[in-house]
Amino acid sequence: MSKIICQSSEFGELPDGQLSKQYTLHNPNGMSISVINYGATLTSVRVPSPDGTLQEVTLGFDQLDEYLAHDFYFGATIGRVANRIANAHFNYQKKDYFLSKNKNFAHHLHGGEQGLDKVVWQAEVTIQEEQTSVNFFYTSPDGDQGYPGNLNIKVTYTLTLTNELKISFQAETDQTTPVDLTNHAYWNLAGAGNGTVLDHILQIFSDRYVVTDQDLLPTGQIAEVKGSPFDFREPHSIAERIKDIAIGGYDVCYVLPPIINHNPQRIAKIIEPISGRTLEVSTTQQGLQFYIGNSLRDYPISSGLHTQRYGAFCMETQNFPGAVKYPQFPSPFLLPGDKYQHETSYRLIW
């Protein structure tokens, strides 16, 4: 018998009649996570507080309709390719591909207008003694949002006895296609809806970042963090140098050190100074998009709470943005017969 309990419940109905289901995993330490099959979305992460109550530390909603209506990608699985693709276009082996442009946007963002965050996935629960997982499966058809090939995708959310939320991604294709999957969870270690994250203390173990222009489109250049407001090799509060960033907040992809033996390496640590609550991030990915909700606004979230600008941070592990256009970046192209596979761990300490 597993020490981690899984409970499932209905989570609403889509306009086309498909049902959404929520799965909640509880470990004996008091930590829980919830996921839904719409968008293979992480809806909740809760940890105990000193007063014995549970503290929600990610942004989410209580109802499916709210997920259908929002524009922030709270907790969603992102793909086929995360981040921005300039002009929604790329060329591979002298053939042009034109992707869907997001509403009121000249470019392709987070998989396009109808990305993986807006479809219903098949779900399967796997119970083991030391951990329990919810596996989501989806086949993105040839031509989906302009991408070539049928892409079979598996996303797995796992809760462990050591208070880790592990998210793994696998994919296989029948035609060469770019793939760069990530999760878009928004974290606030003081508690969802509890002010901004600007006082959180951040450390990112990276000495380089991907340069972007005023529209956050990559230029193909890599720069050193040294001497810039992007340097978190030593711990700093998020607010400390925010005034030095032209766009008014962090939205930057860090270049991570090479992976050794395919094992996740620790790449970031974030501490909420009042509670001492800590998040450690480890990954097998090559990049880390760090974002602090610059585009958030006063907006209702779960449990009657509201979030705000800078109300959460995102740690989206991924390939470098623009990799479909810049051959000097790690290739995002998945070939038939090969397997795309990555894992990221979010370990909570309280």
Side-chain angles (χ1 to χ4, degrees), residues 2-7 9 22-35 41-62 74-75 129-134 157-167 183-205 232 234-240 266-282 290-293 296 298-315 344-350:
S2 174
K3 300 171 185 173
I4 298 175
I5 299 168
C6 176
Q7 299 172 314
S9 59
Q22 179 166 261
Y23 301 84
T24 299
L25 308 181
H26 304 265
N27 76 10
N29 307 321
M31 180 176 171
S32 71
I33 68 166
S34 295
V35 291
T41 298
L42 177 71
T43 59
S44 171
V45 177
R46 295 187 176 192
V47 296
S49 290
D51 63 4
T53 61
L54 288 178
Q55 181 68 68
E56 176 62 66
V57 292
T58 62
L59 305 190
F61 301 114
D62 295 322
F74 287 166
E129 188 173 352
E130 302 296 318
Q131 62 186 38
T132 295
S133 304
V134 182
Y157 291 91
T158 300
L159 179 63
T160 75
L161 293 177
T162 53
N163 306 324
E164 288 177 284
L165 162 60
K166 294 181 179 179
I167 308 176
N183 177 273
H184 210 307
Y186 285 73
W187 301 86
N188 185 331
L189 300 180
N194 192 5
T196 75
V197 294
L198 296 177
D199 64 342
H200 285 45
I201 307 301
L202 171 66
Q203 190 170 15
I204 296 177
F205 307 109
F232 285 95
E234 296 297 327
H236 292 273
S237 74
I238 292 174
E240 190 172 325
R266 194 174 70 146
I267 56 157
K269 181 178 181 179
I270 310 96
I271 301 173
E272 198 283 305
I274 296 176
S275 66
R277 205 171 283 132
T278 300
L279 179 69
E280 294 182 341
V281 185
S282 301
F290 173 60
Y291 172 58
I292 60 167
L296 282 177
D298 183 359
Y299 199 85
I301 57 172
S302 59
S303 303
L305 300 170
H306 280 244
T307 191
Q308 63 188 87
R309 191 182 192 198
Y310 309 135
F313 64 88
C314 301
M315 289 277 171
T344 297
S345 166
Y346 300 92
R347 180 170 178 255
L348 282 146
I349 303 167
W350 61 86

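Along the sequence shown, residues are numbered consecutively beginning with 1.
Among residues two or more places apart in sequence or in another chain, the side chain to side chain donor-acceptor pair (under 3.5 Å) test is passed with Asn27 by Asn163. Partners of Asn183 by side chain to side chain contact (heavy atoms under 4.5 Å, CB included), not counting sequence neighbours, listed by chain and number: Leu42, Tyr157, Ile167, Phe169, Ala185. With sequence neighbours excluded, the residues satisfying side chain to side chain donor-acceptor pair (under 3.5 Å) with Gln22 are Thr43. For Glu164, the side chain to side chain contact (heavy atoms under 4.5 Å, CB included) criterion is met by Thr160, Thr162, Lys166, Ser345, Arg347, not counting sequence neighbours. The side chain to side chain donor-acceptor pair (under 3.5 Å) test applied to Ser9 returns no partner, not counting sequence neighbours. Applying the side chain to side chain donor-acceptor pair (under 3.5 Å) test to Ser275 and every residue at least two apart in sequence or in another chain returns Glu272. Residues forming a ring-ring contact (aromatic ring centres under 6.0 Å, His included) with Tyr23 (at least two apart in sequence, or on another chain): none. In this structure, the side chain to side chain contact (heavy atoms under 4.5 Å, CB included) partners of Ile271, at least two apart in sequence or on a different chain, are Ile201, Lys269, Thr278. Residues that satisfy the side chain to side chain contact (heavy atoms under 4.5 Å, CB included) test with Thr344, not counting sequence neighbours, are Val281, Thr283, Thr317, Tyr346.
Using a 4.5 Å cut-off on side-chain heavy atoms (C-beta onward), Thr41 and Phe61 make no contact. A heavy-atom distance below 4.5 Å is found between the side chains of Ile292 and Leu198. Contact of the Leu25 side chain with the Met31 side chain is not registered, since no non-hydrogen atoms from C-beta on lie closer than 4.5 Å. Looking only at side-chain heavy atoms (C-beta outward), Val197 and Trp187 stay at 4.5 Å or farther from each other.
Ring geometry for His184 against Tyr186 counts as parallel: the plane angle stays under 30°, on a 0 to 90° scale with 60° as the upper cut.
When all heavy atoms of Ser32 and Leu159 are compared, the pair lying nearest together is CA-CD2, 4.4 Å. When all heavy atoms of Glu234 and Gln203 are compared, the closest pair comes out as CA-NE2, 4.1 Å. Among all heavy-atom pairs drawn from Gln131 and Ile4, the shortest one is CA-CD1, 3.5 Å. What you find for Leu161 and Pro28 is that their closest heavy atoms are CD2-CD, 3.6 Å. Of all the heavy atoms in Phe290 and Met315, the pair that sits closest is CD1-CE, 3.6 Å. Contact detail for Asn194 and Asn188: the closest heavy-atom pair is O-ND2, 3.7 Å.
Separating the CD1 atom in Ile270 from the CD1 atom in Ile238 is a distance of 7.5 Å, to the nearest 0.5 Å. Of the inter-residue distances, the one linking Leu279 atom CG with His200 atom NE2 reads 9.0 Å to the nearest 0.5 angstrom. We find the CG-CD1 distance between Leu189 and Ile274 to be 12.0 Å, quoted to the nearest 0.5 Å.
The backbone N or O of Ser303 lies less than 3.5 Å from a partner atom in the side chain of Asp62, making a donor-acceptor pair.
Screening residues 184-193 for salt bridge (charged side-chain N to carboxylate O under 4.0 Å, His left out), with sequence neighbours left out, gives no hits. Listed by first then second residue, pairs satisfying salt bridge (charged side-chain N to carboxylate O under 4.0 Å, His left out) with a partner in residues 46-60 read Arg46-Glu56, not counting sequence neighbours.
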Per-pair distances, 0.1 Å, donor-acceptor, side chain in residues 306-314, under 3.5 Å, sequence neighbours excluded:
from	atom 1	to	atom 2	distance (Å)
His306	ND1	Asp298	OD1	2.7
Arg309	NE	Asn294	O	2.9
Tyr310	OH	Gly248	O	2.3

